[in-house]
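Order of the sequence lines sets the chain letters (A, B, ...), proteins ahead of strands, with each chain counted from 1. Side-chain atoms are counted along with the backbone in the values below, which use heavy atoms only and exclude waters and symmetry mates.
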Number of protein chains: 2
Amino acid sequence: MTSRGSGEERGKMKGIRQLAEHLDISIGTVSRALNGKPDVNEETRKRVLEAAESLGYVANQSGRALRKGTTGVIGFMMQTGSEITGQGDTFFMSVFDGVQTVFARHKLDLVALLCSSQEDPNDYLKRVVARGFADGIILSATRRHDARFELLAKRKIPFITLGRSLTDVGQPWLDLDFEGMAEASIDRLVARGHKHIALTRPHDDMNLGYVFEDQCRATLARHGLRLDERHIFRSTPNEAGGYLIARELSALETRPTAIVLINEAITVGLYRGLVEAGIKPGRDMAIIGRQSPHSQFLSPRLTSFSLSLRDLGIALAESLLATMPAFADIYPARHARLLWPMALVPGESD
Amino acid sequence: MTSRGSGEERGKMKGIRQLAEHLDISIGTVSRALNGKPDVNEETRKRVLEAAESLGYVANQSGRALRKGTTGVIGFMMQTGSEITGQGDTFFMSVFDGVQTVFARHKLDLVALLCSSQEDPNDYLKRVVARGFADGIILSATRRHDARFELLAKRKIPFITLGRSLTDVGQPWLDLDFEGMAEASIDRLVARGHKHIALTRPHDDMNLGYVFEDQCRATLARHGLRLDERHIFRSTPNEAGGYLIARELSALETRPTAIVLINEAITVGLYRGLVEAGIKPGRDMAIIGRQSPHSQFLSPRLTSFSLSLRDLGIALAESLLATMPAFADIYPARHARLLWPMALVPGESD
DNA sequence: TTGGCTTCCGTAAACGTTTACGATACTATG
DNA sequence: CATAGTATCGTAAACGTTTACGGAAGCCAA
């Protein structure tokens with residue numbers, strides 16, 4: 001009825017119905033045009049697309065999701081509160097950036113599912129998947145035993161984990177190569193004459209702590225050395241935790257001459273604690289850690305393991321999509337279980 | 001038909017219909033029971049709740065949202081990529097924690113809406129709101145002119161901003177009291193005899209940079225001092241940016257004797273850069289900054305402005321809810337426009 | 001008995017999409 | 001001209017909820 005006169009330009013764009021009667025065609029055709037279905041005239045498709053653009057129409061998420069059974073959303077679950085994950089904001093932000101470069105090609109949106117520190121992560125995740133919030137899930141901060149895996153497997157939700165666990169339901173995973181880091185660190189320190197080497201690990205039951213400690217122990221054994229149980233330092237993954245480690249360290253009767261830090265968030269605190277105790281990093285105590293935005297600006301510069309977080313995110317996203325039926329034809333059906341290598345960047349701290 | 005025998009315990013719980021016929025009552029009653037509507041027998045309500053619990057039923061998000069027109073989700077928009085946000089490692093995680101303590105009381109979920117660095121933030125936000133993703137939005141990293149405000153106002157989406165802007169559509173906001181920080185910093189430094197005071201600000205058009213610079217200039221003027229234009233340092237909000245500032249600083253012919261850092265993420269890099277240039281922080285150059293997980297572990301300890309990020313999150317959440325009709329009866333209709341105070345924590349850097 | 005309340009529950013209509021199916025007009029072929 | 005095939009579009013039924021509405025009891029008072 002109303003021709004292309006732009007009279008009611010900004011009428012309340014309630015939905016596809018308004019758009020359809022504005023164009024004087026049926027809503028079925030409009031939907032097909034917008035979704036790129038084949039049986040629609042190219043001429044009308046163009047009209048529809050232009051009208052949608054100019055009126056700012058975007059398909060309602062709930063309606064579409066209800067009908068299609070798919071949301072176009074991938075959730076990255078993480079826990080809030082400052083002392084939980086041990087990864088800083090910048091860690092995840094960089095990973096997200098990589099993930100999104102992949103998702104953007106498929107009109108998928110990445111959202112961070114924020115589990116409150118007050119709520120049980122299993123309950124939270126159960127709620128999220130039962131509500132049908134996301135088509136796929138990325139899990140991080142995996143624990144030694146992680147019930148979340150079983151939950152997602154039972155519900156048959158496509159997911160991938162950034163981190164391993166003793167709980168294994170056959171899902172794909174990516175994990176940083178903490179074994180490689182442990183081995184290379186110990187080898188390097190031993191080659192430089194160190195015989196008493198300490199390590200840090202998270203205070204809770206994050207899986208990486210076990211992996212790291214075990215490999216350190218094994219590598220030391222290969223060199224005929226033993227890991228002193230008192231040289232295993234558990235801490236909260238933040239600067240305060242690093243500071244406390246330094247204090248414990250300095251109070252020891254038989255002090256190690258080197259320490260390997262699995263977490264990057266404790267470095268500044270550790271440095272400070274050591275200096276206060278009269279132990280100069282790099283001279284009185286060799287330190288090897290993980291690269292962070294700070295590590296190269298500490299003095300002495302931290303010898304650290306680095307990786308491209310963006311590339312990690314890309315791999316994570318592609319491996320997840322490979323498990324999703326809707327994208328099976330695009331991404332090869334590799335079943336990714338990959339240890340992501342880290343490169344040693346020599347500094348002056350060891 | 002099937003009585004309470006738990007034979008088909010884990011039948012595929014497709015939806016409320018299965019739950020209803022499992023209980024042999026209508027889906028209408030089930031829905032009312034679950035939603036706490038008054039006109040349902042307490043006895044049957046208990047039966048329904050128990051069955052839902054044991055079968056793991058949770059209402060499908062899309063169906064509910066479609067019918068109710070509300071999603072129960074609040075989105076916190078942030079940009080991904082490492083150099084964008086300009087907040088330190090755990091800034092957002094702590095704020096989220098506060099926000100969630102409020103939301104938990106109302107069965108609201110907080111999700112982070114992650115805008116890719118590849119995508120225009122305005123387009124992204126437009127997409128999100130048109131899809132009807134969230135009932136309310138929290139915006140951060142506000143710019144000098146921020147079209148996102150107008151977009152949300154036009155669509156009548158409840159929102160609040162963490163940060164101000166010249167763009168003002170009458171929405172509530174909270175912001176850190178950068179004026180107070182500037183004034184207290186300058187006063188303190190002037191009282192200690194400094195006459196050449198520098199400052200940092202973001203390299204882009206984040207609003208806080210303008211606010212901060214203006215107030216610094218005004219306070220200096222009050223003391224009869226002038227802000228040297230060459231003593232305004234713009235930088236990316238990360239450690240590398242801080243390092244570059246230090247290099248510029250050291251190359252200056254008339255070097256300032258003090259500097260105030262608006263951003264906490266540049267501190268470690270700045271320290272390093274100064275030391276490399278033979279300028280000892282706290283002795284050759286007074287420094288006042290923002291508290292971060294690192295600031296208290298630097299040497300010398302940073303004199304910094306601190307705040308409770310968790311309390312900030314709580315205030316943010318409550319002020320947002322106060323603007324939402326559904327919660328108008330719970331939260332007083334205050335129209336929050338609040339400068340969040342920061343406390344000066346003396347260190348040894350000034 | 002009648003009428004009016006109250007309490008509880010079932011019925012069915014939305015909400016905004018997508019899509020299977022059928023209808024129409026047109027073209028090509030015999 | 002009749003028929004088959006193709007291109008394009010309209011119709012209506014889903015998807016899983018919530019909720020307005022009405023109906024069926026049960027109770028009490030007139």
Rounded distance (Å) that lies between atom [atom2] of [N] and atom [atom1] of [X]:
X       : N      : atom1 : atom2 : result
B/Leu34 : C/dC9  : CG    : P     : 13 Å
A/Asp39 : D/dG10 : CG    : P     : 12 Å
A/Arg17 : D/dA12 : CZ    : C1'   : 12 Å
B/Asn60 : C/dT17 : CG    : P     : 17 Å
A/Glu21 : C/dG16 : CD    : C1'   : 14 Å
B/Ile27 : C/dC9  : CD1   : P     : 15 Å
A/Ile16 : C/dT17 : CD1   : P     : 6 Å
A/Lys68 : C/dC15 : NZ    : P     : 22 Å

So, does [X] get its side chain near the phosphate of [N], meaning an N or O under 4.0 Å from OP1 or OP2?
X       : N      : answer
B/Lys37 : D/dT19 : yes
B/Ser26 : C/dG10 : yes
A/Asn41 : D/dT8  : yes
B/Thr44 : C/dC8  : no
A/Tyr57 : C/dG16 : no
B/Ser62 : D/dG16 : no
B/Asn35 : D/dT18 : yes

task = Check the pair B/Thr142 / B/Asn207 against side-chain hydrogen bond (donor to acceptor under 3.5 Å, both in side chains), numbers first and verdict last.
result = CA-CA 6 Å; B/Thr142 56; B/Asn207 187 69; 5.0 Å; no
inquiry  = Please classify the nucleic acid contact of A/Ser31 as base, sugar-phosphate, or nothing, using heavy-atom distances under 4.0 Å.
reply    =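 Result for A/Ser31 = base.
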inquiry  = Taking the nucleotide of DNA chain C with the nearest heavy atom to each, does B/Glu42 or B/Gly63 sit closer to the 5' end?
reply    =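 Looking at the nearest nucleotide for each, B/Glu42 comes out on the 5' side.
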Position toward the 5' end of DNA chain C (nearest nucleotide), B/Val40 or B/Leu66 =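 Counting from the 5' end, the first nearest nucleotide belongs to B/Val40.
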key: Selected nucleotide, minimal atom distance to A/Arg64 side chain, candidates D/dT18, C/dT17, C/dC9   =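 It is C/dT17.
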request  = Take A/Leu320 and A/Leu316 through the test side-chain contact (heavy atoms from CB on, under 4.5 Å) and record every step on the way to the result.
outcome  = CA-CA 6 Å; A/Leu320 174 62; A/Leu316 206 53; over 6 Å; no
ask   = When you match B/Arg32 and B/Ala59 each to their closest nucleotide on DNA chain D, which lands nearer the 5' end?
value =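 The 5'-side residue here is B/Ala59.
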task = Taking only Lys NZ, Arg NE, NH1 and NH2, and the carboxylate oxygens of Asp or Glu, determine whether B/Arg45 and B/Glu42 approach each other closer than 4.0 Å.
result =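 Salt bridge: yes.
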ask   = When you look at CZ of B/Arg105, are more than 12 heavy atoms from neighbouring residues, nucleotides or ligands closer to it than 6.0 Å?
value =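 Yes, enclosed.
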query = When rounded to the nearest 0.5 angstrom, what distance separates CD in B/Glu53 from CG in B/Leu55?
reply =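 One finds 9.5 Å between CD of B/Glu53 and CG of B/Leu55.
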request  = Decide yes or no, distance alone: a donor-acceptor N/O pair under 3.5 angstrom between the base of C/dG16 and the side-chain of B/Arg67.
outcome  =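 Answer is no: no donor-acceptor pair is held.
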inquiry  = Under a 3.5 Å threshold, yes or no: a donor from one side chain and an acceptor from the other, between A/Tyr331 and A/His106?
reply    =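 There is such a pair (donor and acceptor under 3.5 Å, judged by atom type) between the side chains of A/Tyr331 and A/His106.
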